[in-house]
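These numbers were taken from a predicted model, which means no experiment stands behind them.
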Amino acid sequence: MPDGAGSATVRSPARKRMVEFRTMTPTFKDETLERLLDEVLALSQRKDRSEAVRSALEHELVRLRRRRDINDRVRPIQERASALGLQPDGFDDKILMDELSGDV
């Protein structure tokens, strides 16, 4: 076989399957998941299903980390308040806040 720009690349069957696997787009048996993915693709104007799934997972990780971070920040404040003897009184502050803001 001649060398050079015109020669064909020969791939082993295993290598060909690996390339095909890497380029496959994700498909799901769950109709709701498919519908959600289609909606995300339409709204984000993405065409790549893998990128849409990756982006959604990255956003979910950020959200979960933020939630954990706020819990970690609030816990010491709650512990200090408890050490000072401050306890929830069961009073519904929403009614008071609505009255003070004029939303009643």
Do Val53 and Leu61 belong to the same hydrophobic cluster, where Ile, Leu, Val, Met, Phe, Trp and Tyr are linked whenever their side-chain heavy atoms lie under 4.5 Å apart, directly or via other members? no
Is any NZ, NE, NH1 or NH2 atom of the basic residue among Asp38 and Arg49 found under 4.0 Å from an Asp or Glu carboxylate oxygen of the other? yes
In sequence, state the C-alpha distance, the side-chain angles, and the governing distance for Arg68 and Leu64, and then conclude on side chain to side chain contact (heavy atoms under 4.5 Å, CB included). CA-CA 6 Å; Arg68 185 190 67 210; Leu64 292 170; over 6 Å; no
Contact check, side chains of Leu33 and Leu37, non-hydrogen atoms, under 4.5 Å: no
Give a yes or no on this: more than 12 heavy atoms of other residues, nucleotides or ligands lie within 6.0 Å of atom CD of Glu39. no
Could you list the donor-acceptor pairs under 3.5 angstrom formed between side-chain atoms of residues 70-80 and any protein atom two or more places apart in sequence or on another chain?
| unit_1 | atom_1 | unit_2 | atom_2 | d |
| --- | --- | --- | --- | --- |
| Asn71 | ND2 | Arg67 | O | 3.4 |
| Asp72 | OD1 | Arg75 | NH1 | 3.3 |

Would you indicate whether Arg66, at its atom CZ, is surrounded by more than 12 heavy atoms from other residues, nucleotides or ligands within a distance under 6.0 Å? no
Could you go through residues 88-96 and list every donor-acceptor pair under 3.5 Å that involves a side-chain atom there, pairing it with any protein atom two or more places apart or in another chain?
| unit_1 | atom_1 | unit_2 | atom_2 | d |
| --- | --- | --- | --- | --- |
| Asp89 | OD1 | Phe91 | N | 2.8 |
| Asp92 | OD1 | Lys94 | N | 3.1 |
| Lys94 | NZ | Asp98 | OD1 | 3.4 |
| Lys94 | NZ | Asp98 | OD2 | 2.9 |

